[in-house]
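Comments concern the structure below.
Below, chain A is the first sequence line, B the second, and so on; all start at residue 1.
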Amino acid sequence: MFLPKRLTFSSKRYLCTGCASLSYPPKPALPQLSLLADKCTSMTQLKQIHAQMVVTSRISDHFAASRLLSFCALSDSGDINYAIKLFEITKDPNIFMWNTLIRALASSPNPNRAVFLYTKMRRQGVCPNNHTFPFLLKGCCNSCSLESCKQVHTHVLKFGLELDLHVVNGLVRAYSVSSHLSSARRLFDEFSERNLSIWTTMITGYAQNFCAIEALVLFDRMLADGFEPKGPTIASVLSACARSGCLELGERIHAFMLERGIETGLVLGTALVHMYAKNGAISTAKKLFDSMPERNLATWNAMLCGLASNGNAEEVLALFRKLEKEKLLPNDVTFVGVLSACCRAGLIDVGQKIFNSMKEVYGIEPKIEHYGCMVDLLGRGGKLVEAEELIKRMAMKADVVILGALLAACKNQGNTEIAERVVKDILALEPHNHMVYVVLSNMYAEAGRWQDVWRLRKVMKVGNLKKTPGWSLVDGDT
DNA sequence: CTAGGGTTAG
């Protein structure tokens, strides 16, 4: 009678199972709810286990609660809102629970919430640990927030975690994603205990910021340091080769893969197709593409954009139709490829039709790149008024790139009227952009409007212009 | 007692 209830329960179970061997320690008394939570496969199951935990008061145990939280927060069949509720009703959650929720929020549609949660955690006086920062930095990457990245960096220093490999890796990645390559590189250089991952992070940082040469130089140094590249590193380097036109190096890496028996799966296959196609080795790219047992949208886009940059509009359109037949849904990248191909080939009607189908058929909201293709396309076809209208109709603010495309078209058509408006818009964005004065001035000169050339010359600060070598006001200006 | 890093298309 003086035995606690759970022991009684345990001994009963002992007898029932007929386990008479004394050499085994007695099994734990209560059913292992936390272990069940780890094996759970659906929210329905999880809610049952949760209920059991509440009934048996196990829920007040942070370890048990954290098993529930992990499933709802991180599993594909979990439920982040349930995780948030669970977290909110937990009294004094431990650091594991904070980290788990930060991790989940970092990969959610609104990654900023990870940073908010971290702030809340600090306000409650909870100290982060070495696991906190990699998760938090992932959130910074996903929200492309340089500001939060910098703030997290100061906290890393404050808590003395600047020598943790995963933390440094996270920082290097977050700075690279925010295009702060110099900060990323400084951290990378100052960190001596590098492994393959951090090398890959830095190389990828350069490759994705279109600094292909730096990526390739770093890859060389990595090899010299005795690191054996694996799939992820090679994929990144191939991407750099594709972007910088290094066909030879790309081929050498392909040979290296074959030599070391590195499998050409989906990702590396896609990277190879892109590398060959972008470098003009279309037949090799096609052969690879056709031989791949598994292809995803990225593979199709690689082939499509490769063909497009080789000016092969007919083939791009044929491939696009094939993609539609395969019941694959194109995305925004696909349309950049297709529209830029139309643009190069001057296929105005086809381009316009495809541009309209983006939203109407596929429900994809055009981005500024797509509008850029259309402005270029209309501009080349002499439809300057339509191009200008299109820019006005955009949901987003026009940037210098798209206005520059329109200005170039105006110059080709000799339309000073629209050009004047465009120049005004560009100067509103970049007051010190001297190039647009030059373009406009040249246009006036071509039209023989010398008074306007002089007027413009007075408006602009000639002194500043002189500091930009290689530019004169008018061609053959004396 | 639980956990963390690198990859493809623009």
Check: Is the A:Phe335-A:Phe355 ring centre distance short of 6.0 angstrom?
Finding: no

Whole-Å gap separating [atom2] ([N]) and [atom1] ([X]):
X        : N     : atom1 : atom2 : result
A:Met292 : B:dT8 : CE    : P     : 14 Å
A:Met275 : B:dT8 : CE    : P     : 15 Å
A:Met303 : B:dA9 : CE    : P     : 15 Å
A:Ile95  : B:dT2 : CD1   : C1'   : 13 Å

Short side-chain N/O contact from [X] to OP1 or OP2 of [N], under 4.0 Å:
X        : N      : answer
A:Arg103 : B:dA3  : no
A:Ser239 : B:dT7  : no
A:His274 : B:dG10 : yes

Next item on the list: With the side chain of A:Arg173 defined as its heavy atoms from C-beta on, choose the nearest nucleotide among B:dG6, B:dG4, B:dT8.
Entry: B:dG6

Checklist line | Aro-ring/base stack A:His131-B:dA3, d under 5.5 Å, angle under 30° | finding: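 Yes.
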
Next item on the list: Identify whether the distance between the nearest side-chain nitrogen and carboxylate oxygen of A:Arg185 and A:Glu214 falls below 4.0 Å.
Entry: no

Notebook entry, point to check: Between A:Asp349 and A:Lys353, is there a salt bridge with N-O shorter than 4.0 Å?
Noted result: no

Next item on the list: Would you classify A:Asp38 as touching base, sugar-phosphate or nothing, given that sugar-phosphate means primed atoms plus P, OP1 and OP2, and contacts are heavy atoms under 4.0 Å?
Entry: nothing

Notebook entry, point to check: Which pair of heavy atoms, one from A:Leu216 and one from A:Ala240, lies closest together, and at what distance?
Noted result: CD2-CB, 4.1 Å

